[in-house]
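Here's the structure we're looking at; comments come further down.
We count residues from 1, following the sequence as given.
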Amino acid sequence: QVQLVESGGGSVQAGGSLRLSCTASGRTVSAYVVGWFRQAPGKEREFVAGIQRSGLIIRYPDSVKNRFTISRETAKNTVYLQMNSLRPEDTAVYYCAASSRGTGFDTPGRYDYWGQGTQVTVSS
């Protein structure tokens, strides 16, 4: 089992940047596929980014590709989400999640553990 805590959310203007952190405890983050998801009011939880156990395979949806970057610092047991060129439609609660499964990067139901979420608000 692993516990996940997100931080780094806040309020920014369109075009700005934020860096979210997901710090794991209990187990090394390298033991899991780690994904970032977001959920806006009234909407389904949406896949944002994912990184394989090895760190060699990374996935993004088209909505954030070339704007968001997922990375991992194993020594700090932390996964980051660097978000650039933020848009109002990026406004949501952002969650990190961990999965012991080897498939299903973009599917919330494939993840076993979730953080509490951190709010990101982008104003126009």
Side-chain angles (χ1 to χ4, degrees):
Q1 64 189 105
V2 64
Q3 296 80 46
L4 306 173
V5 178
E6 303 97 334
S7 62
S11 182
V12 299
Q13 291 185 318
S17 298
L18 285 172
R19 188 195 195 197
L20 306 184
S21 298
C22 174
T23 300
S25 61
R27 296 287 304 278
T28 175
V29 71
S30 297
Y32 301 90
V33 173
V34 176
W36 283 97
F37 293 81
R38 64 188 182 189
Q39 189 164 23
K43 294 189 176 182
E44 296 285 305
R45 192 160 294 191
E46 177 189 16
F47 173 72
V48 174
I51 185 167
Q52 190 207 31
R53 290 177 181 85
S54 68
L56 298 177
I57 300 176
I58 294 172
R59 296 283 185 268
Y60 307 97
D62 289 343
S63 59
V64 308
K65 192 174 183 179
N66 302 129
R67 297 191 298 122
F68 292 9
T69 302
I70 189 171
S71 62
R72 184 179 70 195
E73 289 191 41
T74 303
K76 295 182 178 180
N77 217 25
T78 298
V79 174
Y80 302 99
L81 184 68
Q82 178 67 47
M83 305 186 295
N84 299 325
S85 301
L86 284 163
R87 305 165 180 169
E89 53 263 41
D90 295 319
T91 296
V93 176
Y94 283 70
Y95 300 89
C96 65
S99 175
S100 59
R101 302 176 187 269
T103 60
F105 262 101
D106 59 351
T107 305
R110 303 288 284 183
Y111 288 80
D112 305 301
Y113 306 99
W114 294 83
Q116 83 289 346
T118 185
Q119 177 71 45
V120 171
T121 302
V122 184
S123 60
S124 60

Could you report the tightest heavy-atom contact between G9 and L20, atom names first, then the distance? N-CD2, 3.5 Å
In Å, rounded to the nearest 0.5 Å, how long is the span from CD of Q1 to OG of S25? 9.5 Å
Pairing residues for E46 by the salt bridge (Lys or Arg N to Asp or Glu O under 4.0 Å) criterion, not counting sequence neighbours: R38
How many angstroms lie between atom OG of S100 and atom OH of Y113, to the nearest 0.5 angstrom? 6.5 Å
Decide yes or no for S21 and Y80: does some side-chain heavy atom of the first lie under 4.5 Å from some side-chain heavy atom of the second? yes
Mind checking whether V93 and F47 sit in one hydrophobic cluster, side chains of I, L, V, M, F, W, Y counted as touching below 4.5 Å? yes
Roughly how far, to the nearest 0.5 Å, is the CD atom of E73 from the OG1 atom of T23? 10.0 Å
If every non-hydrogen atom of W114 is compared with every non-hydrogen atom of P108, which pair is closest and at what distance? CZ2-O, 3.4 Å
Nearest 0.5 Å please: distance from the CZ atom of R59 over to the NZ atom of K65. 9.5 Å
If hydrophobic clusters are built from ILVMFWY residues whose side chains come within less than 4.5 Å, do Y94 and I70 share one? yes
Please check if any side-chain donor atom of T91 sits under 3.5 Å from a side-chain acceptor atom of T121, or the reverse. no
Heavy atoms of A14 and S124 approach each other most closely as CB-CA, 4.4 Å
Within this structure, what is the OG1-CE distance for the pair T69 and M83, rounded to the nearest 0.5 Å? 11.0 Å
To the nearest 0.5 Å, how far apart are OG1 in T118 and CG in L18? 8.5 Å
Between R67 (side chain) and S85 (backbone), is there a donor-acceptor pair under 3.5 Å? yes
Any pair with a residue in residues 60-109 that passes disulfide bond (SG atoms under 2.5 Å apart), sequence neighbours left out, goes on the list, sorted by first then second residue, please. C22-C96
Do you know which two heavy atoms are closest between A24 and V29, and how far apart they sit? CB-CB, 4.2 Å
Spell out, yes or no, whether V48 and V79 are grouped together once hydrophobic residues are joined by side-chain heavy atoms under 4.5 Å, including indirect joins. yes
Flag, side chain of N77 to backbone of S30, donor-acceptor distance under 3.5 Å: no
Q116 side chain to V5 backbone, donor-acceptor under 3.5 Å: no
Should W36 and Y60 be regarded as members of a common hydrophobic cluster, given that ILVMFWY residues are connected when their side-chain heavy atoms come within less than 4.5 Å of each other, either directly or indirectly? yes
Under 3.5 Å, side chain of R101 to main-chain N/O of V33, donor-acceptor pair present? no
Look only at the side chain of Y111 and the backbone of F105, and say whether a donor-acceptor pair between them is shorter than 3.5 Å. yes
Test the R45-Y95 pair against the cation-pi criterion, namely NZ or CZ under 6.0 angstrom from the six-membered ring centroid and within 45° of the ring axis. yes
Taking it one step at a time, do L86 and F68 satisfy side chain to side chain contact (heavy atoms under 4.5 Å, CB included)? CA-CA 9 Å; L86 284 163; F68 292 9; 3.9 Å; yes
